[in-house]
Structures are given as structure tokens and as C-alpha cells.
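Here is how names work: the chains are called A, B, and so on, in the same order as the sequence lines, proteins then strands, and each is numbered from 1.
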Number of protein chains: 2
Amino acid sequence: MRHGITHFKDLLGGEGYSWTRARSAVLTVLSTVPRPLRAEEIHRALRDARINLSSVYRALRLFERLKVVHRVELGEGAARYELADDYRDHHHHLVCDACGRIEDVAACPVEAAGLTRHIRKRTGFAVRSHVLELFGLCRACRRDAR
Amino acid sequence: MRHGITHFKDLLGGEGYSWTRARSAVLTVLSTVPRPLRAEEIHRALRDARINLSSVYRALRLFERLKVVHRVELGEGAARYELADDYRDHHHHLVCDACGRIEDVAACPVEAAGLTRHIRKRTGFAVRSHVLELFGLCRACRRDAR
DNA sequence: TCGATTTTGCAAATTATTTGCAATATCCGC
DNA sequence: GCGGATATTGCAAATAATTTGCAAAATCGA
């Protein structure tokens, strides 16, 4: 698992991209906050740095292309972004229907069930990646509901 | 597994909603085409019926609330809609990165791996539903790529 | 440090989706 | 089947997230 801002700088340089204030700032936020953030939230976290929201979107788009960042869609209208699997452990999300809190789960049933192989054998489809989001009630909201 | 347009009519009536041309038309399309469709595609399929795109969106939103329809987000910018699990077998999607084709898979690793129970025990989070989309190359595109 | 090249900020454009409102369809009791 | 109370539609305009054009500013490599 690679990490550290320096690594990202080298990565961008190696791909012919500049290491800019905006890109560095966005990566710092994403490396710091351990949950998927909306562009708007990243922008807000960066208010002191005076980075334009467009630049945040541009940085995120670039990082997605470079597989540094992974886009998460939870049906909220806006997308969320987090560091890609290469920079964090592979994980999925538990999204609470009541309070909106997002927790990570390390358990991956796609791997556990050998689904990729099964599908390849049955249908010829070669699975390269997957998205799994789990919705329900977190412990706290379950308690409140009683 | 319930089905048939008549069932939907009764369901809407039972909930105090009218059975209208637009709603019936949208449900007919969704019952006919076996893959998740965008609002735009449903609208196009209905061009002869002269149903407004807004009405398609309104119908979809209502059906989602009534759990007749399920929204699918594949990171394409526009959402897709298909009949909900209660009206089709539970399934997931194989989305081809190359041609965009969407196939269904019946295998569900969340069930197979007993993930819901595992999570409940470990974290207290009660999983109520999940979204799993698989991306990769379909057999045809894999062949072409060689 | 300097010029070539990239990137940013800002404002305007785009795209999917939602909404206000008058006109129309549906439903229900007669 | 009819008539009116109520729900729904069409249309145009509004939103909200995201993208883009362009001139100004930052970055990079020599």
C-alpha cells in the first residue's frame, strides 16, 4: 500500500502533471478524513486555502483518471470521493438510512464468495471492479428507534 | 413474486393514487424491457403516447417511494430504473466498461457469504438493503480486445 | 531566472431532475 | 353515464451538481 503526499507528487510528475496547490490540498483532505467526501465538503474544508470549487472538481476528475481517487455514489444527488483501493484497504460502506452516517466494513463478500471466478466461468464476463454499498440502521439509530 | 399490470393498478388504488395513462405507460415499459432504463429512454419508448418527460420522472419517483421501482446508479450521470426486487428476482449487474452493455447476475455474494449477519454481530449495524454493481469486460468485448 | 506549458479563478454553460401553475384526467357517488 | 372534488399532467421555468471557455497566474525545466 503506497502512501504519503510525496508519493502523489512523484506520481503526478511521472504522468506529466504539475504538482499544484489545489491538487495537493485536495489530496491532503482526502488523506486526512476517513470517509467519502462530496466536492462541496472538500471545498469547504479548504476555505482557508482559497481554492475554487471548479479546481476541486478538476482535481477530483484527474485523480479518478489516475486511479488515485474513487468515486462513491450513494444516491444522495452528489457524488462522494475517497482515496482509491491502492491507497487504503479495500472496503465497503454501511450507510445509515436514519442519520446518514457512513461506516467502513472491511469484509468483502465478493472476494469471500469467489464471485468473480463464478461469473467468469458462467457468463464469460471478466469482473475488474465492483461497487458494494450497504444500507440500513446503525447501532445508535437502531437504539433510538426502540 | 407479484406481477401484472392489474396488480400495480390495485396497489396504486390501495395507496390512494390514481391509475393514469402516464403511470401505466411507464410501468409497461419497465415490465417489458429487462434492463435498467434511464428516464430519457423510457420517455423515448413512450413517444407515441405523448407523455411528458416530467411525468416520467414523477411516476418514477412515486414508484420508488412505493418500492415498485428501484433506482440504479452506474456512474453514468443519469440514474436508471428497473422493477424492484419484489417484482423480479433479486439480482445484480455486470456492466461492460467497453460497450456499456448491462447483464444481470442472479448470484448474490452478500447472501452467500452471510454478510448481513456478520456485520450485525460485529458492528451492530442492521443491513436492510444493498447495492452491488460489477464492472469489467463482457465476453464479446474481451474477444475483441485480443 | 525566463519563457513555454499547465492550471486556476471566475462566470457562464450544461445536464439531469424538480417544481409552479393552469389545464386536464381520474375517481367516486349519484 | 354525469358532475364535480381531487389528483395529475404538460409546459416552461427553476434547481443543483458538474463542466467549460478564456484570460490571468502558477509551475516546470533549462
Side-chain angles (χ1 to χ4, degrees), chain A residues 5-6 8-30 36-66 68-81, chain B residues 5-6 8-29 36-66 68-81 100:
Chain A
I5 281 292
T6 311
F8 294 127
K9 177 173 177 177
D10 293 346
L11 177 76
L12 284 188
E15 298 278 337
Y17 294 102
S18 306
W19 182 242
T20 68
R21 230 164 46 82
R23 289 172 186 165
S24 154
V26 169
L27 278 177
T28 299
V29 174
L30 289 174
L37 298 172
R38 306 177 196 215
E40 174 56 38
E41 294 177 305
I42 297 172
H43 178 240
R44 202 177 325 128
L46 258 38
R47 71 186 106 59
D48 295 333
R50 308 203 136 269
I51 306 283
N52 194 279
L53 179 57
S54 301
S55 301
V56 172
Y57 274 112
R58 279 190 273 230
L60 290 171
R61 197 144 37 104
L62 173 64
F63 295 153
E64 226 191 318
R65 229 184 313 132
L66 297 180
V68 164
V69 154
H70 175 237
R71 178 206 306 247
V72 178
E73 296 194 334
L74 301 177
E76 304 167 301
R80 289 178 178 273
Y81 303 83
Chain B
I5 281 291
T6 310
F8 293 127
K9 176 171 177 178
D10 293 346
L11 177 74
L12 284 189
E15 298 279 336
Y17 294 103
S18 307
W19 181 243
T20 69
R21 231 164 46 81
R23 289 171 186 167
S24 155
V26 169
L27 277 178
T28 299
V29 174
L37 298 172
R38 305 177 196 214
E40 175 55 41
E41 294 177 306
I42 297 171
H43 179 240
R44 200 174 329 125
L46 259 37
R47 70 186 107 58
D48 296 332
R50 310 201 135 272
I51 305 285
N52 193 279
L53 179 57
S54 301
S55 301
V56 172
Y57 274 112
R58 279 191 273 231
L60 291 171
R61 195 144 38 102
L62 174 63
F63 295 153
E64 227 191 318
R65 229 181 318 129
L66 298 179
V68 163
V69 155
H70 175 237
R71 179 204 307 245
V72 179
E73 296 194 334
L74 301 176
E76 305 167 300
R80 290 179 178 271
Y81 302 84

**Prompt:** Would A:Trp19 and A:Leu27 satisfy side-chain contact (heavy atoms from CB on, under 4.5 Å), going step by step from the backbone distance to the final call?
**Reply:** CA-CA 11 Å; A:Trp19 182 242; A:Leu27 278 177; 4.1 Å; yes
**Request:** Under the side-chain contact (heavy atoms from CB on, under 4.5 Å) rule, what do A:Leu12 and A:Leu66 come out as? Steps first, then yes or no, please.
**Result:** CA-CA 9 Å; A:Leu12 284 188; A:Leu66 297 180; 3.3 Å; yes
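The residue among B:Arg38 and A:Ala22 whose nearest nucleotide of DNA chain C lies closer to the 5′ end is A:Ala22.
Annotation: the terminal axes of the helix from C:dT1-D:dA30 to C:dC30-D:dG1 meet at 50°, where each axis is the rotation carrying the C1' atoms of four end pairs onto the next four (5 pairs per end, rounded to 10°).
Considering only heavy atoms from C-beta on, B:His70 comes within 4.5 Å of B:Val72 through its side chain. Considering only heavy atoms from C-beta on, A:Tyr81 stays 4.5 Å or farther from A:Val29 through its side chain. Using a 4.5 Å heavy-atom cutoff, the side chains of A:Val26 and A:Phe63 are in contact.
Sorted by first and then second residue, the salt bridge (Lys or Arg N to Asp or Glu O under 4.0 Å) pairs with a member in residues 69-81 of chain A read A:Arg38-A:Glu76, A:Glu41-A:Arg80, A:Glu64-A:Arg71, A:Glu76-A:Arg80; sequence neighbours excluded.
Every side chain to side chain contact (heavy atoms under 4.5 Å, CB included) that A:Arg65 has, sequence neighbours left out, goes to A:Tyr17, A:Leu62.
With rounding to the nearest 0.5 angstrom, the CZ atom of B:Arg44 is 9.5 Å from the CG atom of B:Leu37. Taken to the nearest 0.5 Å, the CD atom of B:Glu15 stands 6.0 Å off from the CG atom of B:Leu11.
Here the shortest heavy-atom pairing between A:Ile51 and A:Ala22 reads CD1-CA, 3.6 Å.
With B:Thr28 contributing its side chain and B:Ser24 its backbone, the two residues share a donor-acceptor pair below 3.5 Å.
A heavy atom closer than 4.0 Å to some atom of DNA chain C occurs in B:Gly77, B:Ala78, B:Ala79, these being the qualifying members of residues 73-80 of chain B. Within residues 57-66 of chain B, the residues approached by DNA chain C to less than 4.0 Å at the level of any non-hydrogen atom are B:Tyr57, B:Arg58, B:Arg61, in residue-number order.
Between the CD1 atom of B:Ile42 and the P atom of C:dA16 there is a distance of 14 Å, rounded to whole Å.
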Using nucleotides 24-30 of chain C, report all nitrogen or oxygen pairs with the protein that are shorter than 3.5 Å.
| from | atom 1 | to | atom 2 | distance (Å) |
| --- | --- | --- | --- | --- |
| C:dC27 | OP1 | B:Trp19 | N | 2.9 |

Donor-acceptor pairs under 3.5 angstrom involving side-chain atoms of residues 52-60 of chain A: please list them, not counting sequence neighbours.
| from | atom 1 | to | atom 2 | distance (Å) |
| --- | --- | --- | --- | --- |
| A:Asn52 | OD1 | A:Ser54 | N | 2.8 |
| A:Asn52 | OD1 | A:Ser54 | OG | 3.1 |

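With a heavy-atom cut-off of 4.0 Å to chain A, the contacted part of DNA chain D has its first and last nucleotide at D:dA17 to D:dC28.
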